[in-house]
Amino acid sequence: MILDSLNSAQQEAVSAPLGHQLILAGAGSGKTRVLTHRIAWLVQREQISPLQIMAVTFTNKAANEMRTRIEHLLRVPAKTMWIGTFHGLSHRFLRAHWQEANLPQTFQILDSDDQLRMVRRVIHSLNLDEDRYPPKEARWFINAQKEEGRDPHQVIPHDMASQTYLNVYQAYQAACQRAGVIDFTDLLFKTCKLLQSNANLRQHYQERFRCILVDEFQDTNTIQYMWLKLFAGEANAVMIVGDDDQSIYGWRGARIENIHRFSNDFPGAKTIRLEQNYRSTGTILKAANALIAKNTGRLGKNLWTDDKDGEPITVYSGFNETDEAFFIVNRIRELRQTDYRLRDIAILYRSNAQSRVLEEALMQFGIPYRVYGGLRYFDRAEIKDALAYLRMLANPSDDSAFERIINTPTRGIGDRTVTAIREHAREANATLWQALLQLSGKQFFAARAHQSLEAFVNLIQSMSDKTQTMTLDKQVEYVLRASGLIEHYRKEKGEKGLTRLENLEELINAAHQFIQEGTPDDMPPLAAFLAYAALESSDEQANEHDDCVQLMTLHSAKGLEFPVVFLAGCEEELFPHYLCMHDPKALEEERRLCYVGMTRAEKKLFMTYAELRRMHGKEAYHKPSRFLHELPPELITEVRFRTKVSPRPMPIANSYKPEAEGKFRIGQEVQHRIFGDGTVLSLEGDGEDMKVKVRFAKVGTKTLIGSYLNPK
DNA sequence: CGGGAAAAGCTTTTT
DNA sequence: GCTTTTCCCG
């Protein structure tokens with residue numbers, strides 16, 4: 001029953017005997033299906049209780065999807081099951097064992113932004129020069145150490161700079177401990193530390209989880225690997241699923257070697273390959289296979305499909321990035337006339353900066369689109385302000401929240417006053433809130449500052465009193481009004497302020513919805529909500545009803561699929577990126593990124609590049625990406641003609657001025673009385689006012705009025 | 001404290 | 001070059 005509708009490799013994976021398994025799952029080979037069916041198999045055939053199973057993913061989205069599918073398969077709520085992200089499960093663990101982990105019960109989670117502020121504060125308190133020791137570098141150092149599982153005393157500094165960063169690391173940990181906050185990496189780090197040091201707990205968890213499944217294993221880093229080993233112990237069965245060819249997060253510490261290490265550390269691990277692809281046409285797969293074959297040290301895997309070969313891959317050479325964008329937009333307009341909806345189409349690119357030109361072209365033709373990977377809801381400044389007030393209520397020691405709201409909205413507490421509080425806090429070895437309480441009793445400050453501070457103390461204390469018995473959504477609403485945040489953003493003029501107000505209103509709804517769904521743990525609702533905001537700031541997916549073209553980076557496209565994919569910017573320097581080109585390892589990661597991009601496509605794949613592109617302010621000619629040369633020529637159709645500047649775009653409000661018709665088009669050879677021969681780069685406006693940007697052979701690039709130019 | 005000017009980035013990103 | 005952040009002064 002469970003095995004119905006699975007192919008033989010999938011069946012083998014799902015019904016494998018209890019033991020260690022390494023599932024090499026190619027793109028589109030039904031990886032999630034295997035994971036969920038495996039869990040169903042364990043429960044139904046191996047008589048393993050759902051409570052003895054742990055399933056780990058990287059994103060909340062993947063975890064939620066898995067949970068939903070399992071509930072569907074098993075027809076029981078999977079709420080009590082340990083399905084979640086490394087961070088989410090660690091959080092659950094630390095909430096249950098806060099005492100053993102030496103944390104306050106109300107501990108709060110710092111996101112990377114809060115973390116940076118905290119690090120900056122520590123750097124100042126050590127009297128270090130921020131320019132010589134940039135907080136971002138320090139944060140990177142701290143996270144890197146924790147990701148390798150090293151406490152401050154385990155770090156061996158190699159030079160003066162790393163000695164300094166080590167001091168920062170030490171002071172930072174102390175400051176976090178004092179404030180009762182932990183950062184993202186700490187979730188994993190402290191979980192590992194606790195399991196290592198506490199044999200009872202370790203034994204308890206190792207006896208509990210008889211089966212552990214890990215998704216996207218190629219993305220695990222060192223601490224995650226340690227984490228897995230600690231939970232798995234010697235006796236439990238571990239199934240990992242991954243694809244070395246889709247490892248694209250090496251730059252942030254993912255260790256592809258973990259897949260190789262697995263077979264050594266987990267004896268008897270059996271490797272099963274899922275190579276049948278259910279997503280793409282034969283042509284797309286053949287091309288992707290040929291590309292990835294250029295990489296070395298692969299575990300080896302060849303995707304195949306029962307599907308037809310389908311159409312060849314279209315490669316388009318644009319004159320510049322505008323021309324490239326117009327080609328894409330024109331093709332989208334054609335596709336729209338056929339069976340494709342806009343939401344079937346994705347434009348993928350290497351870096352976010354590329355989206356602007358594409359957006360402008362889409363806008364010009366009135367094609368709805370959506371850019372992914374922007375600022376997430378819970379990361380918005382106004383939301384973080386509001387959450388900081390809530391955090392103060394949950395845990396007044398939270399220095400990072402304190403710093404954020406002490407003068408937001410502005411209440412006459414300037415930098416000087418805050419510095420005084422910080423200094424006192426350091427001397428008294430206290431948190432900022434404690435320091436403030438001590439100082440305000442002593443008439444320490446000038447009269448005006450003292451008054452403002454007193455008002456602030458009263459505000460927080462009265463908020464704390466008044467919200468005591470309220471439901472979560474009422475608490476949020478009360479805090480928004482009492483803090484003056486609503487008023488503050490109401491004053492902000494323009495559309496921006498309005499959006500912010502809407503976002504704040506939405507926070508009340510979010511809180512309401514949160515309690516409706518029921519808090520998962522035995523935590524107070526406010527604490528649970530704050531953890532949710534920090535840990536599960538859900539990436540907003542496109543509304544089912546929204547029909548728009550999807551724009552995103554190659555990285556964020558991983559795990560998704562689209563009938564039509566445009567892979568833009570396939571040029572040397574951009575893709576592969578110039579920072580990666582001289583490191584063979586990094587170059588292979590770029591190639592994997594290209595592989596990931598290509599294998600997102602189901603039916604049609606377009607790969608485009610621009611001969612001339614404006615990058616970092618300068619215009620530069622780039623060769624077509626080496627990845628294009630690595631594709632078998634017989635699978636490609638090259639489109640050589642330049643896009644004719646197209647029929648009039650739809651007249652829509654706020655649309656950009658349409659490109660001029662008639663006299664000039666992009667790429668055209670032209671002549672000027674003084675400047676000589678040149679090529680048209682871009683057009684703006686029309687009629688007499690038309691401005692034409694031309695690159696002249698002798699004098700470089702100039703923008704001039706069209707009437708001074710003659711077609712050649 | 002807010003607005004404008006100067007300066008600093010500038011690959012990819014989840015938790 | 002363009003956008004975001006920081007700085008400085010009224």
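Letters A, B, ... mirror the listed sequences (proteins, then strands); counts begin at 1. All values below were derived from every heavy atom in this structure, side-chain atoms included, with hydrogens, water molecules and symmetry-related copies excluded. Since we're looking at a predicted model, the values are computed, not measured.
The same atom, C1', is picked in B:dT14 and in C:dT3; the two are 24 Å apart, to the nearest Å. Annotation: C:dT6 and B:dT11 have their C1' atoms spaced 24 Å apart (nearest Å).
The aromatic rings of A:Y205 and A:F231 lie perpendicular to each other, with more than 60° between the two planes, well past the 30° mark.
Among the heavy atoms of the strands, none lies under 4.0 Å from A:D379. Note on A:Y249: only backbone sugar-phosphate atoms sit closer than 4.0 angstrom, heavy atoms only; bases stay farther off. Residue-level contact check: A:L579 touches the bases, meaning some heavy atom is under 4.0 Å from a base atom. Contact annotation for A:S112: base contact, defined as any heavy-atom pair under 4.0 Å involving a base atom. As judged by a 4.0 angstrom heavy-atom cut-off over every strand, A:R411 is placed among residues touching the sugar-phosphate backbone only.
Nearest nucleotide to the A:R350 side chain, out of B:dT12, B:dT13, B:dG2: B:dT12. In the set B:dT15, B:dT11, C:dT6, C:dT6 carries the atom at the smallest distance from any side-chain atom of A:R120. Checking B:dC1, C:dT3, B:dT12 against the side-chain heavy atoms of A:T410 singles out B:dC1 as nearest.
Computed from coordinates, the A:H577 NE2 to B:dT12 C1' distance equals 9 Å when rounded to whole Å. Here B:dG9 presents its C1' atom at 13 Å from CD of A:E137, a figure rounded to the nearest Å. Rounded to a whole Å, the CG atom of A:D131 is 8 Å from the P atom of C:dC7. The distance between atom NE2 of A:H555 and atom P of B:dT15, rounded to the nearest whole Å, is 15 Å. To the nearest angstrom, C1' of B:dC1 lies 10 Å from NE2 of A:H488. In this structure, CG of A:L567 is placed 14 Å from C1' of B:dT12, rounded to the nearest angstrom. Between the P atom of B:dT15 and the CD atom of A:Q108 lies a distance of 19 Å, rounded to the nearest Å. Atom pair A:W140:CH2 and B:dT14:P shows a separation of 20 Å (rounding to whole Å applied).
The aromatic ring of A:W251 sits over the base of B:dT12, with ring centres less than 5.5 Å apart and planes inclined by under 30°. Both geometric conditions, a ring-centre gap below 5.5 Å and a plane tilt below 30°, are not fulfilled together for A:H87 over the base of B:dT15.
Taking the charged nitrogens against the carboxylate oxygens, A:R614 and A:E619 do have a contact shorter than 4.0 Å, which makes a salt bridge. Salt-bridge formation is detected for the pair A:R350/A:E590: a Lys NZ or Arg NE/NH1/NH2 atom is positioned less than 4.0 Å from an Asp or Glu carboxylate oxygen.
Annotation: A:H555 is in aromatic contact with A:Y249 [ring centroid separation under 6.0 Å]. Aromatic pair A:F107/A:W98: ring centres not closer than 6.0 Å. Ring centroid separation for the pair A:F184 and A:H91 does not come in under the 6.0 Å cut-off.
Among A:L213, A:D215, A:V214, the one residue that satisfies the side-chain contact (heavy atoms from CB on, under 4.5 Å) test with A:F217 is A:V214. Each of A:T408, A:D379, A:D111 was checked for a side-chain hydrogen bond (donor to acceptor under 3.5 Å, both in side chains) with A:K384, and the lone residue meeting it is A:D111.
Checking the phosphate oxygens (OP1, OP2) of B:dT11, no side-chain nitrogen or oxygen of A:T553 falls inside 4.0 Å. Dashed line: the shortest gap from a side-chain N or O of A:R376 to OP1 or OP2 of B:dT14 is under 4.0 Å. The shortest distance between the side-chain N/O atoms of A:N352 and the OP1/OP2 oxygens of B:dT11 is not below 4.0 Å. The side chain of A:H616 places an N or O atom within less than 4.0 Å of a non-bridging phosphate oxygen (OP1 or OP2) of B:dT11.
A 3.5 Å limit on both hydrogen-bonding distances identifies C:dT3 as the Watson-Crick or G-U partner of B:dA8. Pairing for B:dT13 is absent, judged as Watson-Crick or G-U wobble with the two contacts each under 3.5 Å.
Residues from residues 213-223 of chain A placing a heavy atom under 4.0 Å of any atom in DNA chain B do not occur.
Annotation: of the two residues near DNA chain B, A:Y578 and A:I413, the 5′-most nearest-nucleotide partner is A:I413.
Atom OG1 in A:T599 sits 10.0 Å away from atom CG in A:L291 (nearest 0.5 Å).
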